[in-house]
Amino acid sequence: MILGDSLIISVYDYNERKRKKKMPWLYASATARRAGGGLQINPWGRWLTWWRHRAAQDAAADGHADDHRRQEQTIDRDLIICSVSGALAVAGLIVPPLKFLSVPGLLYVAAPTLRDAYRELYREREVSMAMVYSLLILGTMGLGRFVASSISVGLRLLGQKLLMQTERTSKQSLLDILGEQPRTIWVQQGEMELQIPFEALRLGDVVITQAGDTVPVDGTIVFGLASIDQHVLTGESLPVEKGPGDEVYAATVMLSGKIGFRVEKAGQDTVAAQIGEVLSRTADFSSAVQLRAQAIGDRSAPYVLALSAVTLPVLGPVSAVSLLTASFGYDLRITAPTSALNFLRLASRQGLLIKDGRALEILQQVDTVVFDKTGTLTLAQPHVGEITTCGEITEDQLLTYAAAAEHRQLHPIALAILHEAKRRGLPALDMEDAAYEVGYGIKVRVAGRTIRVGSARYMALEEIAIPPFIQDRQRLGQARGNTVVYVAVDDQLGGTMELQATTRPEVRRMIRALRRRHVSVYVISGDQEAPTRKLADELGVDHYMAETLPEHKAAIIERLQREGKTVCFVGDGINDAIALKQANVSVSLRGAAGVATDTAQIILPDQNLQQVDQLFDLAAGLRANMRNNVVITVISSLLTVGAVYIWHVGVVGSLVIYNLGLASGVTNATLPLLRQQAEG
Ligand SMILES: Nc1ncnc2c1ncn2[C@@H]1O[C@H](COP(=O)(O)OP(=O)(O)OP(=O)(O)O)[C@@H](O)[C@H]1O
Ligand SMILES: [Zn+2]
């Protein structure tokens with residue numbers, strides 16, 4: 001069935017899928033193209049994408065959950081052992097000998113910590129929280145207070161279980177938002193090129209990429225030649241020439257040529273791997289926060305032990321042991337990661353995708369935000385305004401050539417040109433030999449002619465003369481704040497196009513909000529000086545830099561960092577990838593170049609820049625919440641010490657007081673989520 005330019009394959013590999021019983025009807029919707037036709041994926045394809053993504057998610061979550069599940073199972077088992085021991089200890093209050101039966105279970109559950117304490121003391125000559133905890137367990141047992149031992153062991157396990165549950169729910173909400181980020185990919189199917197959901201990619205499929213594309217997945221070239229920018233992976237800015245037999249890597253950028261490469265992993269596996277990576281980064285973040293909290297607790301351990309030792313001759317052994325419950329910082333091990341995870345969950349609920357939790361912490365120190373201009377501060381698709389031609393060529397011819405050159409490019413300029421050509425109903429010409437110069441423009445062969453589309457700098461580089469009247473036009477256009485793009489046909493300038501970009505509506509408010517936070521704002525752009533200055537002026541931004549090449553963008557960020565600034569960079573293009581990598585915190589938008597979304601730590605799925613300000617709110621909220629956690633642990637430690645000294649409470653009493661502190665800490669850590677739930 002042929003629909004204009006598009007050809008919808010009604011059954012994509014129906015039989016094979018049926019054989020594999022993998023819901024063949026789901027595949028009945030891949031979009032195809034002939035060389036030259038730019039197509040949209042149809043609604044069925046969207047649904048399929050979503051569906052496959054869920055499946056990949058489940059796979060990733062399953063793979064990742066194994067470890068988690070094992071840990072949770074261990075805790076559950078320990079809790080049961082502990083409960084039985086506790087019951088025996090309680091029974092021992094009536095039938096005393098029974099209480100001794102609780103000892104093996106408790107020792108078994110506490111064994112890892114006892115070993116840690118022993119190792120730290122003998123090998124590292126250090127006392128830590130493990131030591132305090134061990135003395136608490138052994139002390140209570142020594143005093144014959146087996147119920148107290150069971151309660152201390154049980155409460156500790158409950159804290160761990162709570163944290164694991166929080167981690168699980170946070171990961172789930174991350175999964176939910178990850179599921180809304182479908183991607184498509186072009187594959188070779190006989191004579192056709194099919195656009196299929198990434199997840200539908202199968203082992204051995206041949207993926208097609210061409211100049212200006214981001215390589216979506218690792219593979220081995222089977223046909224074609226390409227020059228590839230591997231900057232993001234290797235830091236090496238020289239393009240690499242590749243041909244059949246060579247390997248290509250995900251997130252590198254095709255500069256010229258067109259290749260087909262065989263993938264060694266199915267799309268679903270790749271997506272699962274990517275999701276798995278985000279999940280384990282979240283887990284790493286949580287354990288990093290936990291380790292930091294533990295370090296605080298460890299530092300307080302000698303003081304707790306000293307206090308307990310001093311108390312022994314004064315108030316006796318029961319008070320000395322009771323004091324061991326008051327280890328300052330112990331509950332931070334639970335409350336700090338709970339806060340961190342809950343804020344990640346809060347972010348997901350607000351529609352923010354935080355791929356790396358550390359970004360939320362570093363954001364607390366960010367004092368400089370650098371924005372890319374085109375596609376980030378402005379809408380992804382500008383509008384083609386005035387067209388000026390030189391010589392014989394007509395406007396429509398110029399546009400037809402330019403559209404052929406930009407066919408399948410994702411740069412905002414390309415989107416604008418393609419849109420205008422389509423609006424005018426211009427024919428789509430085939431092109432070949434595309435070569436993309438990042439930050440300059442694109443060169444292709446169309447109908448036997450060489451077409452170049454790009455900046456004035458690109459024309460200079462390619463030694464295309466620019467007639468004086470065009471230079472005047474350029475000044476006029478730029479004074480209006482427009483970007484001027486040049487089109488050369490063979491070695492002559494064919495004409496120029498003015499592109500009017502629309503600033504995203506929320507930008508002004510967002511920048512005002514950042515200012516109120518005393519964050520300095522920079523705009524950097526690969527575009528010319530005049531339009532960049534105009535936008536900066538309109539937004540009231542003092543610092544702007546124009547005509548920056550990709551590595552200059554990264555160099556500017558590095559310079560700001562050397563000046564002592566902590567920099568967040570928000571960008572969308574291929575030309576932003578290295579800068580995103582250099583920045584302390586990196587943000588990109590949905591629909592940005594693959595290399596940008598792959599590199600950035602945070603994605604704004606709604607393409608709403610107001611969310612940049614929300615990110616700062618979240619970071620500030622997390623910091624305040626963490627501070628409250630510290631205050632709570634200090635207060636509960638002091639209260640416990642006070643209760644032992646003033647009211648001479650025993651072990652159970654001090655455990656209750658200290659753990660009331662832990663409970664309020666956990667409540668504090670959950671409050672932001674509850675508050676958000678109440679509001680919306
Ligand atoms: N696909 C393209 N088609 C035509 N011209 C291009 C293309 N890509 C880049 N250029 C030219 O090179 C210039 C710099 O491009 P680059 O991608 O570095 O920055 P930009 O996207 O225009 O701006 P920003 O850095 O603000 O996003 C563009 O202004 C344009 O003149
Ligand atoms: Zn951009």
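Note that ligands are numbered from 1 as they come in the structure, with each ligand's atoms numbered from 1 the same way.
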Numbering as shown, the atoms of ligand 1 that approach [X] to under 4.0 Å (heavy-atom distance):
| X | value |
| --- | --- |
| Ser455 | 11 (C), 31 (O) |
| Val453 | 4 (C), 5 (N) |
| Asp527 | 23 (O), 29 (O) |

Salt-bridge present ([X], [Y]; N to O < 4.0 Å):
| X | Y | answer |
| --- | --- | --- |
| Glu420 | Arg423 | yes |
| Asp537 | Lys534 | no |
| Asp598 | Lys581 | no |
| Lys373 | Asp572 | no |

What's the shortest distance from [atom] to any protein heavy atom, and which residue and atom give it?
| atom | result |
| --- | --- |
| atom 23 (O) of ligand 1 | Thr374 OG1, 3.1 Å |
| atom 6 (C) of ligand 1 | Gly441 CA, 3.7 Å |
| atom 8 (N) of ligand 1 | Tyr436 OH, 2.8 Å |
| atom 17 (O) of ligand 1 | His411 NE2, 2.8 Å |
| atom 3 (N) of ligand 1 | Glu406 OE2, 2.4 Å |
| atom 12 (O) of ligand 1 | Tyr440 O, 3.1 Å |
| atom 15 (O) of ligand 1 | Gly439 CA, 3.7 Å |
| atom 19 (O) of ligand 1 | Asn575 ND2, 3.1 Å |

Checklist entry - Does anything in residues 214-234 pair up under salt bridge (charged side-chain N to carboxylate O under 4.0 Å, His left out), and if so which pairs, sequence neighbours excluded? => result none
Under 3.5 Å, N or O to N or O, is [X] touching ligand 1 that way?
| X | value |
| --- | --- |
| Asp576 | no |
| Lys373 | yes |
| Asp372 | yes |
| Val485 | no |

Item to check | Heavy-atom closest pair, residues Asp367 and Gly564 | outcome: OD2-O, 4.2 Å
Checklist entry - How many angstroms lie between atom CG of Leu353 and atom CG of Leu174, to the nearest 0.5 angstrom? => result 6.0 Å
Item to check | Spacing of Ile354 atom CD1 and Leu360 atom CG [to the nearest 0.5 Å] | outcome: 4.5 Å
Residues 247-257 side chain polar contacts: donor-acceptor under 3.5 Å, at least two apart:
{"unit_1": "Thr252", "atom_1": "OG1", "unit_2": "Tyr249", "atom_2": "O", "d": "2.6"}

Item to check | Of the protein N/O/S atoms, how many lie under 2.8 Å from the Zn ion (ligand 2) | outcome: 3
Checklist entry - Looking at side-chain heavy atoms only, is the closest gap between Ile464 and Tyr486 below 4.5 Å? => result no
Next on the checklist: Using side-chain heavy atoms (C-beta onward) and a distance below 4.5 Å, is Thr450 in contact with Asp490?
Outcome noted: yes
Next on the checklist: With a heavy-atom distance limit of 4.0 Å, tell me whether Ile413 approaches ligand 1 through its side chain, its backbone, both, or neither.
Outcome noted: side chain
Checklist entry - Does ligand 1 have a heavy atom under 4.0 Å from the side chain of Lys553, from its backbone, from both, or from neither? => result side chain
Close approach of [X] to ligand 1, heavy atoms, under 4.0 angstrom:
| X | answer |
| --- | --- |
| Gln409 | no |
| Tyr458 | no |
| Gly454 | yes |

Checklist entry - Hey, are Thr532 and Asp527 close enough side-chain-wise for a donor-acceptor pair under 3.5 Å? => result no
Next on the checklist: Under the rule for ring pair (Phe, Tyr, Trp, His ring centres under 6.0 Å), what residues qualify as partners of Tyr522, not counting sequence neighbours?
Outcome noted: His543
Checklist entry - In terms of heavy-atom contacts, does CZ of Arg349 have more than 12 from other residues, nucleotides or ligands at under 6.0 Å? => result yes
Item to check | Full working for side chain to side chain contact (heavy atoms under 4.5 Å, CB included) between Ile393 and Gln492 | outcome: CA-CA 11 Å; Ile393 196 165; Gln492 300 277 317; over 6 Å; no
Checklist entry - Among Lys565, Gln601, Gln561, whose side chain to side chain donor-acceptor pair (under 3.5 Å) with Asn584 holds? => result Gln561
